[in-house]
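In what follows, a structure is listed as structure tokens, so that the remarks can point back to it.
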Amino acid sequence: MKRRSEILMPVVFEVGNTAERSVANWRDSKPVIERRLCTNCLICWIYCPEPAIFMDEGGLVQIDYEHCKGCGICAEECPRKAIKMVMEDV
Ligand code: SF4
Ligand code: SF4
């Protein structure tokens, strides 16, 4: 049996560094906002663990897919169920 130190594992060297790089290839599904249900309340922004949700110049909540890792927390927490997780094209 291999010792823990012998197993190659991905390492995050700096805390919070996903703001500086794309995590788009981490996803197998992505959040899609259904506009007719969204009230732009920003609860998804509060819960998102990444810098992946923002409000555009028109006041609409948007997803930045370069920084979205596809965890689905936004879809779980949206009180209007306005976010659906959709499988990525393979
Ligand atoms: S939590 Fe839901 S309703 Fe609120 S801004 Fe996000 S997607 Fe829209
Ligand atoms: S799926 Fe996760 S990372 Fe992507 S926008 Fe939703 S909460 Fe943020």
Side-chain angles (χ1 to χ4, degrees):
M1 187 192 315
K2 284 188 173 182
R3 288 182 301 170
R4 193 175 166 83
S5 61
E6 295 173 319
I7 301 171
L8 288 177
M9 301 172 77
V11 176
V12 175
F13 291 104
E14 299 165 43
V15 175
N17 67 357
T18 54
E20 298 160 18
R21 66 195 73 225
S22 174
V23 296
N25 63 358
W26 293 12
R27 289 194 309 267
D28 60 6
S29 61
K30 66 181 178 184
V32 175
I33 299 173
E34 197 168 335
R35 287 289 157 213
R36 69 185 175 85
L37 296 177
C38 177
T39 58
N40 300 300
C41 67
L42 286 174
I43 288 176
C44 53
W45 175 78
I46 292 169
Y47 279 95
C48 177
E50 301 294 337
I53 296 179
F54 65 99
M55 188 168 272
D56 69 17
E57 291 173 0
L60 296 177
V61 168
Q62 304 284 358
I63 310 287
D64 178 349
Y65 290 109
E66 286 300 308
H67 294 109
C68 168
K69 62 187 178 185
C71 66
I73 292 173
C74 54
E76 284 292 320
E77 297 299 334
C78 173
R80 301 268 300 158
K81 298 298 174 205
I83 301 179
K84 303 284 183 280
M85 297 303 291
V86 175
M87 290 301 291
E88 291 278 357
D89 296 333
V90 284

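Just so you know, these numbers use all the heavy atoms, side chains as well, and skip hydrogens, waters and symmetry mates. Everything numeric here is computed off the predicted structure, so don't read it as measured data. Along the sequence shown, the residues carry numbers beginning at 1.
Leu42 and Ile83 fall within a single hydrophobic cluster, where Ile, Leu, Val, Met, Phe, Trp and Tyr side chains are chained together by heavy-atom contacts under 4.5 Å. The hydrophobic clustering, which links ILVMFWY residues whose side-chain heavy atoms are closer than 4.5 Å, places Val32 and Trp45 together. Under the 4.5 Å side-chain heavy-atom criterion for Ile, Leu, Val, Met, Phe, Trp and Tyr, Tyr65 and Met55 are members of the same hydrophobic cluster. Hydrophobic clustering, with ILVMFWY side chains joined whenever heavy atoms are under 4.5 angstrom apart, groups Ile53 together with Val86.
Checked by atom type and distance alone, the side chain of Lys81 pairs as donor or acceptor with a backbone atom of Glu76 at under 3.5 Å.
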Output, in order, the C-alpha distance, side-chain angles, deciding distance and verdict of side-chain contact (heavy atoms from CB on, under 4.5 Å) for Arg80 and Thr39.
-> CA-CA 8 Å; Arg80 301 268 300 158; Thr39 58; 3.6 Å; yes
Given Leu60 and Arg35, is the side-chain contact (heavy atoms from CB on, under 4.5 Å) satisfied, shown in steps?
CA-CA 9 Å; Leu60 296 177; Arg35 287 289 157 213; 4.0 Å; yes
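Applying side-chain contact (heavy atoms from CB on, under 4.5 Å) to Val61 and the options Cys44, Cys78, Cys41, Cys74 leaves one that passes, Cys44.
For the atom pair Cys68 SG and Arg27 CZ, the distance stands at 5.0 Å (nearest 0.5 Å). We find the CD1-CD distance between Ile63 and Glu50 to be 12.5 Å, quoted to the nearest 0.5 Å. If you take CD on Glu57 and CD on Gln62, they are separated by 11.0 Å, rounding to the nearest 0.5 Å. Separation of atoms CE (Met85) and CE (Met87) is listed at 9.5 Å; rounding is to 0.5 Å. Once rounded to the nearest 0.5 Å, the distance linking NE2 of His67 with CZ of Arg21 reads 9.5 Å.
When side chains are defined from C-beta on, Pro49 counts as touching Lys69, because their heavy atoms get closer than 4.5 Å.
Between Cys38 and Asn40, the closest heavy-atom pair is SG-N, 3.2 Å.
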